[in-house]
Novice: 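Right, I'll just put the structure down here and ask away after.
Along the sequence shown, the residues carry numbers beginning at 1.
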Amino acid sequence: MVHERVEHQFSNERFEWAAKENYQPCIKLSFFFKKLPNVDDDHFQMHYNHVHADLTVAAKLFNVVKIQRYVQTYQTPEMKAKIKAAGMELLDYDACSQIWVRDWDDWERFSTSPEYAAALLPDADHFMDYKTSGIKVFAGHDNIVFGKAIPQCDSTDGLTRDECEMPPREDSPQAKESE
């Protein structure tokens with residue numbers, strides 16, 4: 001199906017149809033996984049945040065391929081309950097690691113390195129349920145709409161708070177509503 005543009009009066013010229021998207025010059029890989037059933041939440045979080053983080057950053061190729069960003073997100077049982085209580089469908093994983101690389105070759109060099117196989121994969125046996133539940137991966141380019149880009153990555157910031165708090169353009173629906 002071919003996309004048909006809807007009639008829309010844009011509030012911000014950065015989003016107009018003719019505007020260029022703000023895709024970042026990196027690939028972001030997101031890895032979703034569960035904790036081992038016999039590992040409690042505190043141990044999982046501590047091991048993930050400390051040991052696994054240290055092994056990842058200490059890997060020689062982490063710096064050689066110039067990993068741009070490495071982020072760990074842990075989804076607590078309390079957050080899972082809040083998601084369910086809000087009527088949203090829960091993405092039922094305990095954690096998500098995100099690694100930004102300049103290109104796919106950098107990721108392949110890092111993930112196929114002997115260090116990766118010798119340190120990171122065996123460490124996963126201490127806290128990740130990857131053998132039963134697997135690890136789901138999502139890869140793509142971020143379009144930064146709001147917020148700062150990665151420094152020193154030839155990227156462009158999205159909108160800033162100041163820009164969002166500016167009065168709407170004169171011809172925008174929001175300006176017309178306030179008249």
Side-chain angles (χ1 to χ4, degrees), residues 1 21-155 157-159 161:
M1 177 177 163
E21 290 90 355
N22 187 20
Y23 285 110
Q24 301 302 288
C26 294
I27 299 168
K28 179 169 72 176
L29 294 106
S30 301
F31 303 87
F32 297 89
F33 54 92
K34 294 182 177 188
K35 66 181 184 64
L36 286 168
N38 63 334
V39 172
D40 70 24
D41 292 301
D42 290 335
H43 172 77
F44 177 86
Q45 187 173 5
M46 292 297 288
H47 189 93
Y48 180 45
N49 291 350
H50 298 273
V51 175
H52 202 71
D54 184 61
L55 288 170
T56 302
V57 175
K60 180 181 176 187
L61 280 180
F62 187 89
N63 289 312
V64 170
V65 302
K66 294 185 174 58
I67 300 288
Q68 299 296 305
R69 179 175 280 181
Y70 172 48
V71 177
Q72 297 176 328
T73 305
Y74 172 65
Q75 185 171 228
T76 65
E78 294 79 18
M79 282 294 154
K80 288 180 181 182
K82 288 178 188 244
I83 290 166
K84 289 178 181 177
M88 295 184 277
E89 187 173 345
L90 176 67
L91 186 57
D92 196 19
Y93 292 96
D94 297 304
C96 174
S97 292
Q98 295 179 328
I99 292 183
W100 290 41
V101 293
R102 289 292 212 160
D103 58 46
W104 194 257
D105 290 341
D106 285 347
W107 168 247
E108 285 184 337
R109 282 182 65 206
F110 179 66
S111 65
T112 61
S113 69
E115 264 186 314
Y116 188 91
L120 292 170
L121 293 178
D123 182 58
D125 290 333
H126 296 290
F127 70 108
M128 283 186 204
D129 188 25
Y130 71 96
K131 290 178 181 173
T132 304
S133 302
I135 296 175
K136 303 293 188 237
V137 183
F138 185 95
H141 293 274
D142 277 359
N143 174 31
I144 296 187
V145 174
F146 177 87
K148 296 285 186 186
I150 297 176
Q152 303 159 346
C153 188
D154 302 329
S155 41
D157 291 343
L159 289 175
R161 177 78 49 218

Novice: Checking Y130 now: which residues fulfil side-chain contact (heavy atoms from CB on, under 4.5 Å) with it, not counting sequence neighbours?
Specialist: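 Partners of Y130 under the side-chain contact (heavy atoms from CB on, under 4.5 Å) test: A124, D125, M128, I135.
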Novice: According to salt bridge (Lys or Arg N to Asp or Glu O under 4.0 Å), does anything in residues 112-121 pair up with another residue at least two apart or in another chain? List the pairs.
Specialist: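 Qualifying pairs: none.
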Novice: Heavy-atom distance under 4.5 Å between the side chains of I27 and W107, does that happen here?
Specialist: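 Result no, sub-4.5 Å side-chain heavy-atom pair not found.
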Novice: First locate atom CZ of R69, then atom CH2 of W100, and finally report the distance between them rounded to the nearest 0.5 Å.
Specialist: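 Those atoms lie 5.5 Å apart.
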Novice: Give the minimum heavy-atom separation between A117 and P122, together with the two atoms involved.
Specialist: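 The answer is O-CD, 3.1 Å.
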Novice: Output all residues satisfying salt bridge (Lys or Arg N to Asp or Glu O under 4.0 Å) with R102, sequence neighbours left out; order by chain, then residue number.
Specialist: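 Residues passing salt bridge (Lys or Arg N to Asp or Glu O under 4.0 Å) with R102: D154.
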Novice: Give, for atom CZ of F138 and atom CD of Q98, the distance between the pair rounded to the nearest 0.5 Å.
Specialist: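 Rounded to the nearest 0.5 Å, the CZ-CD separation comes out at 10.0 Å.
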Novice: Ignoring hydrogens and angles, write down the donor-acceptor pairs under 3.5 Å from the side chains of residues 49-65, residues two or more places apart or on other chains.
Specialist:
unit_1: N49; atom_1: ND2; unit_2: Q45; atom_2: O; d: 3.4
unit_1: H52; atom_1: ND1; unit_2: D123; atom_2: OD2; d: 2.7
unit_1: T56; atom_1: OG1; unit_2: H52; atom_2: O; d: 2.8

Novice: Applying salt bridge (Lys or Arg N to Asp or Glu O under 4.0 Å), can you list everything that pairs with D103, at least two apart in sequence or on another chain?
Specialist: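 So D103 forms no salt bridge (Lys or Arg N to Asp or Glu O under 4.0 Å) with any residue.
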Novice: For F33, which residues count as a ring pair (Phe, Tyr, Trp, His ring centres under 6.0 Å) partner, sequence neighbours excluded?
Specialist: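 Ring pair (Phe, Tyr, Trp, His ring centres under 6.0 Å) list for F33, sorted by chain: Y48.
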Novice: Could you grab the distance from atom CD of Q75 to atom CD1 of I83, nearest 0.5 Å is fine?
Specialist: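 CD1 of I83 is found 4.5 Å from CD of Q75.
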Novice: Sequence neighbours left out, what passes side-chain contact (heavy atoms from CB on, under 4.5 Å) with A149? Give chain and number order.
Specialist: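 Here the qualifying residues are Q24, I144, S155, D157.
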Novice: Is any side-chain heavy atom of V101 closer than 4.5 Å to a side-chain heavy atom of F110?
Specialist: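 A side-chain contact under 4.5 Å is absent here.
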Novice: I'd like to check the side-chain hydrogen bond (donor to acceptor under 3.5 Å, both in side chains) partners of T112; sequence neighbours left out, ordered by chain and number.
Specialist: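 If we apply the side-chain hydrogen bond (donor to acceptor under 3.5 Å, both in side chains) test to T112, skipping adjacent residues, there are no hits.
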Novice: List for me each residue that meets side-chain contact (heavy atoms from CB on, under 4.5 Å) alongside V39, sequence neighbours excluded, and say none if there are none.
Specialist: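 Per chain and number, V39 pairs via side-chain contact (heavy atoms from CB on, under 4.5 Å) with L36, H43, F44.
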Novice: Which atom pair, heavy atoms only, marks the closest approach of L90 to K84?
Specialist: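 That would be CD2-CE, 3.5 Å.
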Novice: Would you please name every residue forming a side-chain hydrogen bond (donor to acceptor under 3.5 Å, both in side chains) with T73, sequence neighbours left out?
Specialist: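 Not a single residue meets the side-chain hydrogen bond (donor to acceptor under 3.5 Å, both in side chains) criterion with T73.
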Novice: Does anything in residues 24-47 form a salt bridge (Lys or Arg N to Asp or Glu O under 4.0 Å)? List the pairs, not counting sequence neighbours.
Specialist: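 Sorted result for residues 24-47: K28-D142, K34-D92.
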Novice: Kindly compute the distance separating CH2 (W104) from OG (S111), expressed to the nearest 0.5 Å.
Specialist: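 One finds 7.5 Å between CH2 of W104 and OG of S111.
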Novice: First locate atom OG of S113, then atom CG of L120, and finally report the distance between them rounded to the nearest 0.5 Å.
Specialist: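 Atom-to-atom, S113:OG and L120:CG are 7.5 Å apart.
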Novice: Under the rule for ring pair (Phe, Tyr, Trp, His ring centres under 6.0 Å), what residues qualify as partners of H141, not counting sequence neighbours?
Specialist: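 None.
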